[in-house]
Protein chains: 2
Amino acid sequence: MNRISVLLVDDHLVVRSGLKALLATQPDIDVIGEAATGEEGLQAARELSPDVVMMDLAMGPGIDGIEAIQRLRQAKPRQAILVFTTYDSDADIVRAVDAGAMGYLLKDAAPEEIFSAVRGAVQGRSVMSAPVASRLFQQLRNPDELLTPREAELLSLLTQGLSNRELGKRLFISEATVKTHLAHIYAKLGVETRAAAIAVAIRREGMR
Amino acid sequence: MNRISVLLVDDHLVVRSGLKALLATQPDIDVIGEAATGEEGLQAARELSPDVVMMDLAMGPGIDGIEAIQRLRQAKPRQAILVFTTYDSDADIVRAVDAGAMGYLLKDAAPEEIFSAVRGAVQGRSVMSAPVASRLFQQLRNPDELLTPREAELLSLLTQGLSNRELGKRLFISEATVKTHLAHIYAKLGVETRAAAIAVAIRREGMR
DNA sequence: AGGCACCTCAGACTTTTGGCTGATACCTCG
DNA sequence: CGAGGTATCAGCCAAAAGTCTGAGGTGCCT
């Protein structure tokens, strides 16, 4: 079997070296490159054509992980991308998977889990940490369950194209409260603008 | 045949009395109530349960015609609503029909046209003044024809939830130009925010 | 040549959104 | 009773969106 080439993209040196050392214990895995920023990661991916790119999501200024994933997939659709990060917010998970990540690992994952994720990724299998998987499943099965009744109500009106002021009037709450609800909705849907939220919500309606 | 009960909602007294007198010439039509504002109209509609509500679109402060129509349809989905107004802008027509109006009459419509609109409305037929009908047909048949190729392209990307900046980058044009296109698109779709534009566009996609 | 539709852009200005922090109140579950 | 989830609201600030006016360039049709 060919050895698996891996590119590490993470802004923390310690994480990179730790991961590198860990992966070095596996005879079938080679870390062939490292990068500290999204830009460097893209560059390195182009030059090295690794089998798997392991990438952090949060990487200081410049391109963030999500965008890096999107570009990578555009440039090299067949390259497997593993997200390797600290946090497991709903939004990040959905966005990363949406952007084209093959797997989603938390940094406290067990070594065996990491190895199998790398091996699985090259075979087209997607592997994710247990807590991540359960969240994602919940999202996919019925994302609305994550929205509170009030939030769902707001979202429904939102898809009518109403403004915050109008939403407030319609629901007899202040604009401030509308904003609060919206912020929660955006986080749960994995978007950051009302435009995207509407797009997601309406398209999902149609799928039912 | 039962007589048709009509509620008039218009902020101009002269219009109401004129219309009332006109309708009084018809043996099968009864004007059972009048209202001068959107709020009063809703109230009266609840109390009187008329067969047909004839409503102006522009009605000073408070609830406007469009909103009144939406609420009426929510409260009494089976009640026929006729818009009776002075203007025939594309935007108003689309929004009114969208909100659930059964017909759309201009105030300079011929008496016979008005009578037949009222009678048609209770039978579920929708009647509109000729100039209105032609505009609406154009819109409905293929609204995209009204959009220039560039605008359609923009709209399509808009429904992905992109920001003006992103739209500009994607299309290799400045943000200023994006704004210009958007303003045109809003006018043609009869909306005034990107949120509403997205809602309209995506829902229309689904209908095809 | 002139008119017309379309695409492009700028600057200035107002309104709307969104992010952040923090706060109160209610309810339910353990 | 305390913890957590939900719903409500405020104030501040930065960014984005939207409006208006004006304008230059292209290409097409008459």
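This is a predicted model, so every value here is computed, not measured.
A side-chain N or O of A:Thr177 and one of A:Ser174 form a donor-acceptor pair less than 3.5 Å apart. No side-chain donor-acceptor contact under 3.5 Å links B:Gln43 and B:Glu39. For the residue pair A:Ser5 / A:Asp30, no side-chain donor-acceptor distance below 3.5 Å is found, with atom types taken as modelled.
Rounded to whole angstrom, the span from the CG atom of A:Leu189 across to the C1' atom of C:dG18 amounts to 15 Å. We find that CG of A:Leu171 is positioned 11 Å from P of D:dA7, with the value rounded to whole Å. One atom, CG of A:Leu167, and another, C1' of D:dC9, lie 16 Å apart when rounded to the nearest Å. Atom-to-atom, CD1 of A:Ile185 to C1' of C:dG18 comes out at 13 Å; the value is rounded to the nearest Å. Residue B:Leu182 contributes atom CG, which lies 15 Å from atom P of D:dC20 at whole-angstrom precision. When rounded to the nearest whole Å, the span between CD of B:Glu192 and P of D:dC20 equals 11 Å. Rounded to whole Å, the distance from CG on B:Leu154 to P on D:dA17 is 12 Å. Here the P atom of nucleotide D:dC20 and the OH atom of B:Tyr186 are 14 Å apart, to the nearest Å.
Of all nucleotides listed (C:dC9, D:dT19, D:dT8), D:dT8 comes nearest to the side chain of A:Thr180. Closest approach to the B:Arg165 side chain among C:dT8, D:dA16, D:dT8 is made by D:dA16 (side chain taken as heavy atoms from C-beta onward). Residue A:Arg194 places its side chain closer to C:dG18 than to any other of C:dG18, C:dC9, D:dA10. Listed nucleotides C:dT8, D:dC9, D:dA7 differ in distance to A:Thr177; the shortest reach to its side chain belongs to D:dC9. The nucleotide whose nearest atom lies closest to any side-chain atom of B:Ser174 is, among C:dC9, D:dT19, C:dG18, C:dC9. For B:Ala176, whose side chain is taken as the heavy atoms from C-beta onward, the closest listed nucleotide among C:dT8, C:dC9, D:dC9 is C:dC9. Side-chain proximity of A:Ser163 to the nucleotides C:dT16, C:dA10, D:dC9 is greatest for C:dT16. Taking every side-chain heavy atom of B:Ala183 into account, D:dT19 is the closest of D:dC9, C:dT8, D:dT19. Side-chain atoms of B:Lys179 lie closest to D:dA17 of the nucleotides D:dC9, C:dT16, D:dA17.
Put simply, B:Arg150 has no side-chain N or O that comes within less than 4.0 Å of OP1 or OP2 on C:dC6. Considering only side-chain N and O atoms, B:Asn164 lies under 4.0 angstrom from the phosphate OP1 or OP2 of D:dA17.
Here the side chain of A:Thr25 pairs no donor or acceptor atom with the backbone of A:Ala21 at under 3.5 angstrom.
Of the charged side-chain nitrogens involved, at least one lies within less than 4.0 Å of a carboxylate oxygen, so that B:Arg150 and B:Glu153 count as a salt-bridged pair.
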